[in-house]
There are 2 protein chains.
Amino acid sequence: MTVLSLGPPPISEPLARTQVDMHKLRAKSTTINDVAQHAGVSYQTVSRVINDHPSVAQETRSRVHRAIRQLDYHPSAVARSLAQKQSTTLGVVSYGIFHAGPAQMLARLESAASERGYDLAHVNVGTLSHTQLEQAIQKLRRQRVQGIIVFAPLLEAGAEPLETLCPDLPMVITDAEPRVGRFVSAVDQFTGGRLAAQHLIGLGHTEFALVSGPLSWYAALIRQQGWLSVLEQHKLTPQATLQADWTARGGYQAVCELLERHTPFSALLMGNDQMALGALWALEQRGLSVPGAVSVVGFDDLPESPYYSPPLTTVRQDFAQLAQQSLDQLVACIETPERAQQLTMLLPSLVVRSSTAPVGRGTRP
Amino acid sequence: MTVLSLGPPPISEPLARTQVDMHKLRAKSTTINDVAQHAGVSYQTVSRVINDHPSVAQETRSRVHRAIRQLDYHPSAVARSLAQKQSTTLGVVSYGIFHAGPAQMLARLESAASERGYDLAHVNVGTLSHTQLEQAIQKLRRQRVQGIIVFAPLLEAGAEPLETLCPDLPMVITDAEPRVGRFVSAVDQFTGGRLAAQHLIGLGHTEFALVSGPLSWYAALIRQQGWLSVLEQHKLTPQATLQADWTARGGYQAVCELLERHTPFSALLMGNDQMALGALWALEQRGLSVPGAVSVVGFDDLPESPYYSPPLTTVRQDFAQLAQQSLDQLVACIETPERAQQLTMLLPSLVVRSSTAPVGRGTRP
DNA sequence: CCTACTGGACCAACGACAGTA
DNA sequence: GTACTGTCGTTGGTCCAGTAG
């Protein structure tokens, strides 16, 4: 400042100049114009080079490339998507991202998206209330996403609201009840639940204890319904039905409660593998052998499950595939709407390890 | 189309009109102008309302709000950041996102960022090679991120490259060697390693087997150095030093190998909890009791670790805090550069559970 | 001079249409 | 006419004067 005021006071033009310069100080980034000037071509030619447009002479092209490198120019995706009137961004609304499943899903979605040339804009919501979902979707709309994937595990999130929240944007709902949206991508949790129960029944078990995840989660509810449908089919009723919070701790506590109540059971159906881990420990602590006294089945098939003590019999669902599938479906909605699947359902499978055995070989609780 | 051509063929002006309309069909989104018109004010006033600028009459303000709601208007973040010459986006370059730790970190970063009013742009790299990192950073620069957080667990990623790859953008490097960047946010893995080893030595162990994570990972290497520094201090050398891949499976295989080799050890230091889980199972399978025959210490303290069999003694590192800290540091670099910390280091702590006991109470391998 | 509002320039790119050789 | 290259208008906003009360 002091240095500048040494000279004679400048007149209008330079004054304006100064202001412009200060303005630019905020974020001086080299623009397409700088490159054009440096390469001695027009502004438009540079744009053509960037976008690999055919009609640019080879010589010009490489001259421009050189200029780009020399000036360390990075074309602005922001300006581009404004001019093109479309971004290459997909939105994700997630819930429960700190649980292993959803976290895994998000990571997979990310990589699937980038394979297809899209970026991801992500909003995690603390609750699946109407308000929060609305805000999340609004945030994504402001970012001009091309479509949205929603993890909507909670029933509360239910049908209508989601679709109506943004009727003009393609939206795929993941891991939810098939009827909540026009496009849904899910794992057949019901069949998964049945698989688990059938396996135990096949081993001769008749006394079941059920520990599901939070029943507000679609997956938890439907898995439980799967279990129950098999039991009913065999005219059995569970000795106990509990709910826990998906964590090992929750599973542990639930099983402790069962044991304190002296609930008789030889088969334990757990809503996921982490809870099953807690269950295994609770049983071991009481000296109840698995599968000798009690058989335990989990759900998910985490990479760790084969190394639990004992290795866990569980129902495998493939998060990676679910993510890939959801993303493919959304991309189809955007790029080739006529070919988009309404509902894609993944089938889980039973993985038998050592936590289950025929009934009646040992002491029961 | 047919309906339109019923009337007399339009002349030049309407023709031009048609073209404009077709152009707009691509993505008809309501703009700030539409809102202004609808509310009967200038578009500038609308902008003020959106940004909560004070000098707008209450009456006008609510009229504008009404128009916004009626037209379902969503201000374009794209246009805004172009005009403002800055986005509110932070970049994240991650590695190994399918591992539990990094996935956890990413989720936490996300929520920390949104608390501070930033969005996240995320790129995961398959390898930490110079090329891939360069591409990742380039992608982020195109998105005009304000700063970058890098998970740089690999030594190969080392010092200079990262800083020079984008010297003009604030960059925080996470979970890496303190000297790799100007701004680093990390956990003191060395102390963590020492904690684990000291605990075992305090219990009288002298025969150690070490199973670290991939030594190309900074965390793995430094944890190992921590272990070794304690052993040396007590004039001990490990009976065996192995490397595995962070997974339960890898830990299991490593311990199987130790047992097949008949390596004598009463204490097992594992590079993380998943590998420790594999180790526990390998030992149990051979009838070696933990902690009776062998004491095992892990690293991380996952939510599941207290429910392993037996509950795992481990070194706790807080991913959530690390993420929060990294993000705070980056935001500081951007918003208040003069107050930005160069290096923030988190201290891990020992969590003693039941997988460790004084030496010599049972059979050793 | 403050309050409330308006108009014009600008951001960094793209697309259509000309213009040049 | 074909192969390039440049000009102009546009995108949806923000920012900086300027103006009327």
Side-chain angles (χ1 to χ4, degrees), chain A residues 12 15-37 39-61 63-64 68 71 73-88 141-144, chain B residues 15-16 18-37 39-61 63-64 68 71 73-88 141-144:
Chain A
S12 61
L15 183 67
R17 250 302 202 59
T18 304
Q19 284 175 343
V20 168
D21 287 350
M22 290 192 53
H23 194 217
K24 282 197 174 173
L25 272 182
R26 244 184 239 173
K28 48 93 227 233
S29 66
T30 61
T31 79
I32 201 171
N33 271 306
D34 303 334
V35 176
Q37 215 167 343
V41 297
S42 96
Y43 159 20
Q44 199 45 242
T45 305
V46 177
S47 170
R48 289 209 175 94
V49 170
I50 291 166
N51 300 317
D52 280 320
H53 188 91
S55 50
V56 176
Q58 197 44 248
E59 213 284 309
T60 315
R61 187 180 298 273
R63 193 147 39 95
V64 170
I68 288 176
L71 298 181
Y73 165 70
H74 301 271
S76 158
V78 175
R80 158 183 295 214
S81 55
L82 179 60
Q84 278 184 158
K85 299 170 99 164
Q86 56 174 287
S87 68
T88 57
R141 301 194 69 143
R142 288 178 175 216
Q143 304 207 50
R144 295 296 186 261
Chain B
L15 183 68
T18 303
Q19 285 175 342
V20 168
D21 286 350
M22 288 192 53
H23 194 216
K24 282 197 172 173
L25 272 182
R26 243 183 240 171
K28 45 92 229 224
S29 67
T30 60
T31 79
I32 200 171
N33 273 305
D34 303 333
V35 176
Q37 215 167 342
V41 297
S42 90
Y43 66 84
Q44 195 49 238
T45 304
V46 177
S47 172
R48 287 219 175 86
V49 171
I50 292 167
N51 299 316
D52 280 321
H53 188 92
S55 49
V56 176
Q58 196 46 248
E59 212 283 309
T60 315
R61 185 181 299 273
R63 193 148 39 96
V64 171
I68 288 177
L71 299 181
Y73 165 69
H74 301 271
S76 158
V78 175
R80 159 185 292 216
S81 56
L82 178 60
Q84 277 184 159
K85 299 169 101 162
Q86 57 174 286
S87 67
T88 57
R141 301 194 69 144
R142 287 177 177 219
Q143 303 207 50
R144 296 297 186 262

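Here is the naming used below: chain letters follow the sequence lines, and residue numbers restart at 1 for every chain.
For the pair Arg80(B) CZ and dA12(C) P, the computed distance is 17 Å after rounding to whole Å. Atom CG in Asn51(B) sits roughly 17 Å away from atom P in dG12(D) (whole-Å rounding). One interatomic measurement links the two molecules: NZ of Lys85(B) to P of dA13(C), which rounds to 12 Å at whole-angstrom precision. Going from atom CD1 of Ile50(A) over to atom C1' of dT5(D) covers 15 Å, rounded to whole Å.
Residues meeting the side-chain contact (heavy atoms from CB on, under 4.5 Å) test with Tyr73(A), sequence neighbours left out: Thr30(A), Ile32(A), Val35(A), Ile50(A), Ile68(A), Pro75(A). Here Arg48(A) pairs with nothing under the salt bridge (Lys or Arg N to Asp or Glu O under 4.0 Å) rule; sequence neighbours left out.
At dG13(D), none of the side-chain N or O atoms of Ser47(B) fall inside 4.0 Å of OP1 or OP2 (strictly under the cut-off). Listed pair Thr31(B) / dG12(D) fails the phosphate criterion, with no side-chain N or O lying under 4.0 Å from OP1 or OP2. Close to dT6(C), at under 4.0 Å from its OP1 or OP2, lies a side-chain N or O of Ser42(B). Here Asn33(B) does not reach the OP1 or OP2 of dG13(D): none of its side-chain N or O atoms lies under 4.0 Å away. Taking 4.0 angstrom as the limit, Thr45(A) places a side-chain polar atom (N or O) nearer than this to OP1 or OP2 of dG6(D). Checking the phosphate oxygens (OP1, OP2) of dC11(C), no side-chain nitrogen or oxygen of Tyr43(A) falls inside 4.0 Å.
Residue Thr60(B) is classed as a sugar-phosphate contact, given heavy-atom separations below 4.0 Å to backbone atoms only. Within 4.0 Å of Val78(B), counting heavy atoms only, lies no atom of the nucleic acid at all. The residue Arg61(B) sits apart from the nucleic acid: no heavy atom pair falls under 4.0 Å. Note on Leu82(B): a base of the nucleic acid sits closer than 4.0 angstrom, heavy atoms only. Within the 4.0 angstrom heavy-atom criterion, no nucleotide atom of any strand lies near His53(A).
Contact record, Ala36(B) with Val46(B): CA-CG2, 3.6 Å, taken as the closest heavy-atom pair.
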Fill in the dot-bracket string of DNA chain C, one character per base: . for unpaired, | for a pair to another strand, ( ) or [ ] for pairs within the strand, taking Watson-Crick or G-U pairs under 3.5 Å. .||||||||||||||||||||
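Both Val41(B) and Ala79(A) lie close to DNA chain C; mapped to their nearest nucleotides by heavy-atom distance, the more 5′-ward contact belongs to Val41(B). Of the two residues near DNA chain D, Val56(A) and Arg48(B), the one whose nearest nucleotide lies more 5' is Val56(A).
Counting heavy-atom neighbours within 6.0 Å of Gln37(B) CD, excluding the residue itself, gives a total of 12 or less.
From Arg144(A), atom CZ reaches atom OG of Ser81(A) across 10.0 Å, with rounding to the nearest 0.5 Å.
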